[in-house]
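Below is one structure, written out as structure tokens; comments come after it.
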Amino acid sequence: MRLRILRSGSGGNAILVDAGDARLLIDAGLPADVIVRELAALPILPQDLTAVLLTHEHDDHAKGALTLSRIAGCPVLANEGTIASAGAALDGAQIERFVTGTPFRLGSLMIDPFALPHDAAEPVGFAISQNGSRLVIATDLGSSSDEVVERAGDADMLIIESNYDLRLLSVSPYPWFLKNRILSTTGHLSNDAAAETIRAAAAGRLRTAVLVHLSDINNLTPLARDTVQWTLEREAITHVAVHAVRPNGTSNTYELQ
Ligand SMILES: [Zn+2]
Ligand SMILES: [Zn+2]
């Protein structure tokens with residue numbers, strides 16, 4: 001399977017997972033025409049998409065889902081909590097439900113949606129596997145957990161939120177209520193927490209970590225990457241490659257064998 005982060009950050013999120021016989025868009029938090037343009041560069045037509053999967057209902061993950069699913073003629077897959085909370089944002093969309101904790105198949109892909117701590121109705125991450133290779137997507141989340149570490153350690157590649165640097169957040173112009181929301185265990189994940197998760201998962205089969213959903217105010221791309229890199233180097237861990245996607249940027253295309 002190949003994978004590309006079409007956009008990542010508070011301005012919108014969308015990740016393409018292409019298995020050949022199934023092409024998934026994980027989140028569609030951008031205007032549909034922007035997603036269509038990003039797909040065209042690959043080149044993939046919206047009609048080639050099998051489904052749009054939603055992690056949660058926040059605008060930066062869901063706002064393009066309805067229009068894109070209409071253009072693509074494919075369903076939006078989400079759990080009950082996300083569908084109920086999205087309300088009008090998904091009105092008229094072809095919707096299919098999955099159940100958090102219950103794996104399902106799309107083409108050759110097995111998809112396992114698992115709960116994450118975030119201030120949305122029923123937020124999930126996805127463990128996606130094909131022929132023994134496995135990818136875990138964990139964004140957005142306010143805190144990591146043994147379950148996230150275990151799943152990440154069981155994956156070849158981890159796409160994880162690395163939202164803010166604690167020092168930059170503390171001196172940023174954000175109002176206190178917003179800082180407290182970000183800092184809470186159901187808010188967003190710090191560079192330090194992402195680093196610790198990757199360090200712990202490195203004891204498993206993890207080989208590549210991609211840092212996403214970086215704040216453009218409370219983070220710096222090299223700082224996020226270095227925070228993880230230093231944490232790994234301190235423990236002489238050299239087998240995990242670390243990449244960071246700049247705020248509201250696009251990644252390279254990654255291949256998972
Ligand atoms: Zn969110
Ligand atoms: Zn988000």
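Computed from a predicted structure; not experimentally measured. For ligands, and for the atoms within them, numbers begin at 1 and follow the listed sequence.
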**OP:** With the Zn ion (ligand 2) as the reference point, give the N/O/S atom of D140 that is nearest.
**Re:** OD2
Subject >> Over all atoms of both residues, closest heavy-atom pair of L54 and D27 >> reply: CA-OD1, 3.4 Å
**OP:** Check whether any N, O or S atom of D60, backbone or side chain, sits closer than 2.8 Å to the Zn ion (ligand 1).
**Re:** no
**OP:** Please find out if the Zn ion (ligand 1) and some N, O or S atom of H61 are separated by less than 2.8 Å.
**Re:** no
Subject >> Donor-acceptor side-chain pairing of S215 and N163 below 3.5 angstrom >> reply: no
Original post:
Should the ring pair H61 and H213 be called parallel, tilted or perpendicular, given that the plane angle runs from 0 to 90° and is split at 30 and 60?
Top reply: parallel
**OP:** Give a yes or no on whether H188 keeps an N, O or S atom under 2.8 Å from the Zn ion (ligand 1).
**Re:** no
Subject >> Least distance between heavy atoms, T221 atom then A244 atom >> reply: CG2-CB, 3.7 Å
**OP:** For the atoms NE2 of H56 and NE2 of H118, give the angle they form at the Zn ion (ligand 1), rounded to 10 degrees.
**Re:** 100°
Original post:
Would you say the side chains of H118 and H188 form a donor-acceptor pair under 3.5 Å?
Top reply: no
Original post:
Of all the N, O or S atoms in H58, which one sits nearest to the Zn ion (ligand 1)?
Top reply: ND1
